[in-house]
Amino acid sequence: KKRICSELNAICSEWNFDLDILKKVRNLNDAERLFAAMICVLADKPAFIILDEPTAVLDSKQRQNFFVSLQKAKQNGLGFIYISHNIDETVQLCDTISVLKKGRCTKTFDNSKYDTAADEILKEMFSSDFSKNEFEKSTVKVQQNKSFKNMQKIVFRAKNINAVSDNIKLKDISFDLYAGTITIIKGERKAGLEILENILTGINSPYFSGEIELDGKIL
């Protein structure tokens with residue numbers, strides 16, 4: 001056990017995994033579960049590893065450390081198949097990028113210089129469903145919707161939302177939702193998205209200040 005613990009701690013150190021290897025699995029958080037799974041695989045000294053959306057459970061610092069470790073392991077001869085919907089990550093990390101659609105590989109990009117354009121990948125992902133003209137029209141249409149948003153009715157409004165929960169803070173969060181539009185709210189892990197979600201839905205909502213308005217009525 002002492003020898004195995006020493007080997008696993010060495011892997012954690014090499015990969016920048018913040019993990020107590022004596023901790024019970026049932027007590028691990030999501031990031032620690034990923035690290036535990038990784039050291040189990042790495043202990044067998046594999047030739048390559050398949051990773052499926054590995055950074056989904058990592059915060060920004062953990063993600064950057066993970067990228068550095070992947071690059072270092074690659075330089076030392078370990079191969080990776082990296083499955084992700086995050087195009088920025090794939091361009092940053094991968095030497096080749098293959099687009100899969102309906103069970104088929106439609107195109108593989110040479111990304112050895114890490115310079116593949118995200119727009120080219122997106123176009124390959126969706127262009128087979130559209131003619132070139134239709135694809136361009138759909139892009140213009142989205143841009144037009146953005147430019148016309150001030151003419152749309154505001155159906156939902158959050159104004160100056162502040163809250164603290166589990167040492168995570170939301171500060172002065174404000175946004176408007178317009179009829180006929182889709183609004184995306186993005187944030188890093190532990191940035192407060194779950195708190196905001198709980199406030200907006202009213203489910204397990206912490207105490208908060210600010211206003212939430214639906215169809216002109218303050219909730």
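The first residue of the sequence shown is numbered 1, and numbering continues consecutively from there. None of these values were measured; they are calculated from a predicted model.
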With no hydrogens and no angle check, is any side-chain donor or acceptor of [X] less than 3.5 Å from a backbone partner on [Y]?
X	Y	value
Asn160	Gly210	no
Asn198	Gly202	no
Thr201	Glu197	yes
Ser69	Trp15	yes
Lys159	Glu211	no

According to a hydrophobic-cluster definition based on side-chain heavy atoms being under 4.5 Å apart (Ile, Leu, Val, Met, Phe, Trp, Tyr only), do Leu122 and Val99 belong together? yes
Tell me whether Asp166 at atom CG has more than 12 heavy atoms from other residues, nucleotides or ligands lying less than 6.0 Å away. no
Between [X] and [Y], does any side-chain donor sit less than 3.5 Å from a side-chain acceptor?
X	Y	result
Ser112	Asp110	yes
Asn111	Thr116	yes
Thr55	Glu89	yes

Salt bridge or not between Asp95 and Lys74? Use side-chain N to carboxylate O under 4.0 Å. yes
Charged N to carboxylate O under 4.0 angstrom, Glu213 versus Lys217? no
Shortest non-hydrogen separation from Ala163 to Tyr207 and the atoms involved: CB-O, 3.7 Å
If you take all heavy atoms of Gln62 and Val57, which pair is closest and at what distance? OE1-O, 4.3 Å
Throw together a table of side-chain donor-acceptor distances under 3.5 angstrom for residues 32-54, partners on residues two or more places apart or in other chains.
from	atom 1	to	atom 2	distance (Å)
Glu32	OE1	Lys23	NZ	3.3
Glu32	OE1	Asn29	N	2.9
Glu32	OE2	Lys23	NZ	3.4
Arg33	NE	Leu28	O	3.4
Arg33	NH2	Val25	O	3.3
Glu53	OE2	His85	N	2.9
Glu53	OE2	His85	ND1	2.5

Hydrophobic clusters join Ile, Leu, Val, Met, Phe, Trp and Tyr when side-chain heavy atoms are under 4.5 Å apart, directly or via other members; which others share one with Leu193? Val155, Phe156, Ile161, Ile168, Leu170, Ile173, Phe175, Leu177, Ile185, Ile195, Leu196, Ile199, Leu200, Phe208, Ile212, Leu214, Leu219
